[in-house]
Amino acid sequence: MNKIAQIFETLDYGPAPEGPDQANAWLESHGRAFGHFIDGKWTKPGTTFASDNPATGKTLAQITDGTAEDVDKAVKAARAAFKGWSGLSGYERGKYLYAIARAIQKHARLFAVLETMDNGKPIRESRDIDIPLVARHFYHHAGWAQHLDREFPGHVPYGVCGQIIPWNFPLLMLAWKIAPALAAGNTVILKPAEFTSLTALLFAEICERAGLPKGVVNIVTGAGETGQAIVAHEGIDKIAFTGSTEVGKAIRAATAGSGKGLSLELGGKSPYIVFEDADIDSAIEGLVDAIWFNQGQVCCAGSRLLVQESIEERFITKLKLRMASLRVGDPLDKSVDIGALVAPVQVERIRDLMQRGLAEGAVVYEPDGAIPSVGCFLKPALVTNVSPANTLVAEEIFGPVLVAMSFRTPEEAVALANNTKYGLAATVWSENINLALDIAPKIKAGVVWINGTNNFDAAVGFGGYKESGFGREGGREGMAAYLKPVWEKDLKAATAPKAAAPKFDNPLDNGHLDQTAKMYIGGKQARPDSGYSRAVYGPNGNLVGEVGDGNRKDIRNAVEAARGALSWGNSTAHARAQILYFLAENLDYRRDEFAERIKAQTGKSGTAEVAASVERLFAFAAWADKYDGAVHNPPLRAVAAAMVEPIGVMGIVAGPDLPLLGSIALIAPALAMGNPVVLVPSETAPLSVTDLYQAIETSDVPNGVINIVTGDAASLAKTLAEHDGVDALWFMGSSQASTMVEKASITNVKQTWTSRGLGYDLTDRQKFEGDYFLAKATQIKNVWIPYGA
Ligand code: NDP
């Protein structure tokens, strides 16, 4: 049989190799040894490590292992460049970003080939997805630079940003970090991952050739220790990290109390839900993209298939058939579907996880057929017969391994989908748009794709819920992550209110009847678990009243009550607004009494504070149905609905001063956006808040939406910070206690806001009646909805 006849027989692909010559020529031009790119210049290679091609095992180049001194030099260069760069007009900065975008497009093929050689991903992906998205990011952010003053008035860049990225999308992650940072006027030090530094170094050369002012972009290569040096450097104002949840938590702990801005894009274990009415063939093609894109080394990989029981058998049979036609092999071959994993250690890690899963009862299917004997290759794998506790279901595998489970009802699908510590992405397949749009908001994930998967665009934010991190990259919210209000830079240390010397030392001395204000938990007044109370003293040390001395158990009960009230976030914004107006009205009705109480605790007239509290409630009632999402129109046949969602249960610890407004100013935005709260009011003047119970009860606030625990602010804050049932925590207090809160919050990667002992003046309507707290009380979910018949 001649060759053509054979081809007709097998219908197999022939070889279609992409040439490595240009990439090799570029590597040769650098002598296959690289230093860092600092202050617009290349340093001499120092102590180096090899960067290998994972498909061949051959070394591509030697990369310098960055030291703390290298990082320090880069920070100094970035600091020196900051004034000039941030001082340019947005138009000028935009022109540089535009020039970079053009240069990337011009050299797209070189970038794609180099990326594939360094990382092992199929050339089809680096050529058609990674590099075009990189260029798109720089174009898009050139536009944000242009309109920065108009779109973000009163905001300034952080300063010097330290950026640390993983190896799975080396250049794309660089673009996601550098483009918005530069557009906002920051300067950067970026560390690529040890396995994949080459395209970042090629990018540095592009910056050099684009005439980017020296010091604006610095690339320091190295491994985890170089990353640690960046995180620890005092001259850095913001850390942006993408990588594993484990390292993300370490970075949260290391930056606690430093005042550095922080965004964390962490791991995932994303559900891929297929309903019985889905277009099954499309869903299978989508699944191939979801889990075998980039060998499954994708943070948002659809690695957990949840398929409706009625179609499970048919779906799995078809899936196996499709898996058998996936081509694993040379990543530079244009008709290869699955390339090489990034490094041998990664292959070993995946094999170990598979062994554990198998030992726990999983069944693994891998298609027949050979894979290359040299290089880091694995076959696509489908894992069945698993329970939710199986290691392969619970852990992020970061490889070409799909685990499949089934469900019967939409409710069960949602429960299974959310049964994970992660919350990065999800996919929903159904021809019933009503069902799909009903499910999307119920899934706790930052991105939901309907009838599609792995869609990305620079205009559409990307980022996680829960332990998948916080902060967004892309879109308006991604830009906001690189800016801060100008006034925050000038905050001075808060002056602590003078504590009056108490007249009573012995708790038995007060001689009153028991009028201890109770806690307020789940819509009921509750006695403190400790059985102790705390005295509240007036300015002269006179006893004004007593409150319960809350402890861990009270917090635990309050969090449980708040979790039971999470449906507050599903009530309509209009309904939430009505309740906040009602609360304001009921407070206003008793303004004299509240003003008296403030005076008794502080010695100062409380009239203005009560009026401000009423007004603040009105302000956020008004915001409830106006702080809204957007619809993006990315260059794909889809729209992306950016939905503003509550974060979940919020712990709020008010500062010592402003007995009433100090709490109202913080809970009002949280409540308006749909978050149930556990509030710890002013430690020294809590009675204005404990007086609120009646107003809360008569304002139709559902039980569990506002829970109040009085007591020692720092120790209650610590309990809230450590509690996995609390999704976000705001704390006003000393810098020391703020550090403790940030550190303790790592358990479930809580979003925290702390005042760090600074004088946030909550009476300032201009600053605090707008989006400052609204943004912190919400997270954005982007729901991608395709169109076209
Ligand atoms: P790691 O967390 O191990 O590494 C990420 C980066 O951090 C690398 O540059 C690494 O250096 C560096 N690093 C390692 N230790 C430290 C440290 N203690 N302090 C500072 N920096 C450190 O992740 P991987 O590289 O293994 O990447 C895979 C992970 O990234 C997965 O969990 C994946 O889900 C996540 N990811 C998340 C994305 C998102 O947008 N949410 C996108 C892409 C990936 P080096 O590698 O050189 O040692």
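Both counts, for ligands and for their atoms, begin at 1 and track the order of listing. Residues: numbered from 1 along the sequence shown. These numbers were taken from a predicted model, which means no experiment stands behind them. Every heavy atom of this structure was used, including side-chain atoms; hydrogens, water molecules and symmetry mates were not.
Using a distance-only test at 3.5 Å, with no hydrogens or angles considered, no donor-acceptor pair links the side chain of Gln751 to the main chain of Ala728. Counting only distance, with no hydrogens or angles, the side chain of Ser468 and the backbone of Gly267 share a donor-acceptor pair below 3.5 Å. A distance-only check finds no donor-acceptor pair linking the side chain of Thr226 to the backbone of Thr67 [under 3.5 Å]. Checked by atom type and distance alone, the side chain of Thr221 never pairs as donor or acceptor with a backbone atom of Ile63 at under 3.5 Å. For Asn186 (side chain) and Val160 (main-chain N/O), no donor-acceptor pair under 3.5 Å exists by modelled atom type. Remark: side-chain polar atoms of Lys177 are not paired, donor with acceptor, to backbone N or O of Cys161 under 3.5 angstrom. Checking side-chain atoms of Asn418 against main-chain N and O of Lys444 turns up a donor-acceptor pair under 3.5 Å.
Judged by distance alone, the side chains of Thr427 and Thr453 do bring a donor and an acceptor atom under 3.5 Å apart. When only modelled atom types and interatomic distance are considered, Glu115 and Ser126 share no side-chain donor-acceptor pair under 3.5 Å. Inspection of the Thr747 and Asp724 side chains reveals an N or O donor paired with an N or O acceptor under 3.5 Å. For the residue pair Asp72 and His233, a side-chain donor N or O sits within less than 3.5 Å of a side-chain acceptor on the partner. Donor-acceptor pairing under 3.5 Å is lacking for the side chains of Thr752 and Glu742.
Considering both main-chain and side-chain atoms, Thr245 never comes within under 3.5 Å of ligand 1 through any nitrogen or oxygen pair. Polar contact with ligand 1: absent for Ser468 (N/O pair, distance under 3.5 Å).
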- Item | Evaluation steps, ring-ring contact (aromatic ring centres under 6.0 Å, His included), between Phe462 and Trp449 | CA-CA 12 Å; Phe462 181 89; Trp449 293 292; 7.0 Å; no
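Close approach to Gly267 involves these atoms of ligand 1, each under 4.0 Å from a residue heavy atom: 32 (O), 34 (O). Listed by number with element, the atoms of ligand 1 under 4.0 angstrom from any heavy atom of Asn168 are 43 (C), 44 (C). Contact atoms of ligand 1 toward Gly227: 19 (N), 20 (C), 21 (N) (distance under 4.0 Å to a heavy atom of the residue). For ligand 1, the atoms closer than 4.0 angstrom to any heavy atom of Ala193 are 9 (O), 46 (O), 47 (O). Of all atoms in ligand 1, numbered sequentially from 1 with element shown, those under 4.0 Å from a heavy atom of Phe241 are 2 (O), 5 (C), 6 (C), 7 (O). Per-residue contacts place Ile164 under 4.0 angstrom from the following atoms of ligand 1 (heavy atoms of the residue considered): 6 (C), 7 (O), 9 (O), 12 (C), 20 (C), 21 (N).
Atom 13 (N) of ligand 1 has Gly224 CA, 3.8 Å as its closest protein atom, hydrogens excluded (heavy atom only). Shortest contact from atom 23 (O) of ligand 1 to any protein heavy atom: Ser244 N, 3.4 Å. The nearest heavy-atom contact from the protein to atom 27 (O) of ligand 1 is Pro166 CB, 3.3 Å. In this structure, the protein non-hydrogen atom closest to atom 34 (O) of ligand 1 is Glu396 OE2, 2.6 Å. For atom 36 (N) of ligand 1, the closest non-hydrogen atom of the protein is Cys299 CB, 3.4 Å. Scanning the protein for heavy atoms near atom 10 (C) of ligand 1, the closest one is Lys191 NZ, 3.9 Å. Protein heavy atom in closest approach to atom 24 (P) of ligand 1: Trp167 NE1, 3.5 Å. Protein heavy atom at the shortest distance from atom 41 (N) of ligand 1 is Leu266 O, 2.7 Å.
With a 4.0 Å cut-off on non-hydrogen atoms, Ala250 does not touch ligand 1 at all. Of the heavy atoms in Phe195, none comes closer than 4.0 Å to ligand 1. For Glu246, no heavy-atom contact with ligand 1 is shorter than 4.0 Å. At a heavy-atom distance under 4.0 Å, no atom of Ile230 approaches ligand 1. Under 4.0 angstrom from ligand 1, the non-hydrogen atoms of Phe462 all belong to its side chain. Residue contacts with ligand 1, taken as heavy atom pairs separated by less than 4.0 Å, involve Thr242 via backbone and side-chain atoms alike.
Here the shortest heavy-atom distance to atom 46 (O) of ligand 1, taken over Glu265, Gln346, Arg349, Glu194, belongs to Glu194. Distances from atom 22 (C) of ligand 1 to the heavy atoms of Val247, Thr196, Asn294 show the closest one on Val247. The heavy atom nearest to atom 8 (C) of ligand 1, considering only Leu264, Leu172, Leu424, Ile165, is found in Ile165.
Counting heavy atoms from C-beta on, the side chains of Ile338 and Pro380 come closer than 4.5 Å.
Applying the side-chain contact (heavy atoms from CB on, under 4.5 Å) test between Trp176 and each of Glu265, His141, Glu473 identifies Glu473 as the sole match.
Assignment of Gly222 to the shell around ligand 1 is supported, since a heavy atom sits closer than 4.0 Å.
The environment of Lys743 atom NZ is sparse: at most 12 non-hydrogen atoms of other residues, nucleotides or ligands sit within 6.0 angstrom.
For atom 4 (O) of ligand 1, the nearest protein heavy atom is 4.0 Å or more away.
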